[in-house]
Amino acid sequence: QALAEDGDNPTMLARVYDGLGRLSLATGMLSAAVERYEKQLEIANKQESDVIRARAERNIGVAEIFGGDLPLAYQHLSSAATQVSDAKDRISAGLAGMDLSQIAPLLGDVETRRVKELLSTLNLNEETWIQKQPSSLAKTHFVAAYEAVSKNDWQEAVSRHDEGIEILD
């Protein structure tokens, strides 16, 4: 319906792909989610939008975490965390930084150091990021999402992840 009403609007189209990607994640269709998020990234690149690019890169990174490809997730999340050109981008960048801080220890000491350096350049660490947010409840949702992934409960994982995002938006 959104495409029929406003299909020529790139921002709306990016949001549609975002929603389709979330739906795909919720139903356990990881490759479809990544494809839809990659479409979102294409739109961001065409529009030269750092905000959409950061969200798309983070979406891909989260989908890759759910799929178990932590090195690829690390690449996308690192890209999202560096897409900071104005205040709006700080939310996606900070969320990507939080995601990175969760997976970096699983990848090794070098990645953990890189994430700490990245977070320091963003002037964010996990504690200050949570303190700057409306509620630390968001972190609780993200942790619950990761726990649900380990149990292969995709609907719960995506639901808890989205609840955390809603708190931060």
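Residues: numbered from 1 along the sequence shown.
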Arg15 with Asp18: basic N within carboxylate O range, under 4.0 Å: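 Asp18 and Arg15: not salt-bridged.
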
With rounding to the nearest 0.5 Å, note down the distance linking [atom1] in [X] to [atom2] in [Y].
| X | Y | atom1 | atom2 | answer |
| --- | --- | --- | --- | --- |
| Glu38 | Gln40 | CD | CD | 11.0 Å |
| Leu41 | Ser49 | CG | OG | 10.5 Å |
| Tyr17 | Lys39 | OH | NZ | 5.0 Å |
| Leu30 | Phe66 | CG | CZ | 8.5 Å |

Mind checking whether Leu106 and Ile65 sit in one hydrophobic cluster, side chains of I, L, V, M, F, W, Y counted as touching below 4.5 Å?
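Shared cluster, yes.
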
Checklist entry - Between Ala32 and Ser24, what is the shortest heavy-atom contact and its length? => result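 Residues Ala32 and Ser24, closest heavy atoms: CB-OG, 3.8 Å.
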
Can you give me the closest heavy-atom contact between Ala14 and Ile43, atom names plus distance?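 Smallest interatomic distance, heavy atoms only, reads N-CD1, 3.8 Å.
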
Thr27 side chain to Leu23 backbone, donor-acceptor under 3.5 Å:
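Such a contact is found between Thr27 side chain and Leu23 backbone.
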
*Does any N or O in the side chain of Tyr37 come within less than 3.5 Å of the main-chain N or O of Leu20, such that one atom is a donor and the other an acceptor?*
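Pair absent, no side-chain N/O of Tyr37 close to backbone of Leu20.
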
Side-chain donor-acceptor contacts of residues 68-77 below 3.5 Å, not counting sequence neighbours, with atom names and distances?
{"residue": "Asp69", "atom": "OD1", "partner": "Leu72", "partner atom": "N", "Å": "3.2"}
{"residue": "His76", "atom": "ND1", "partner": "Glu57", "partner atom": "OE1", "Å": "2.5"}

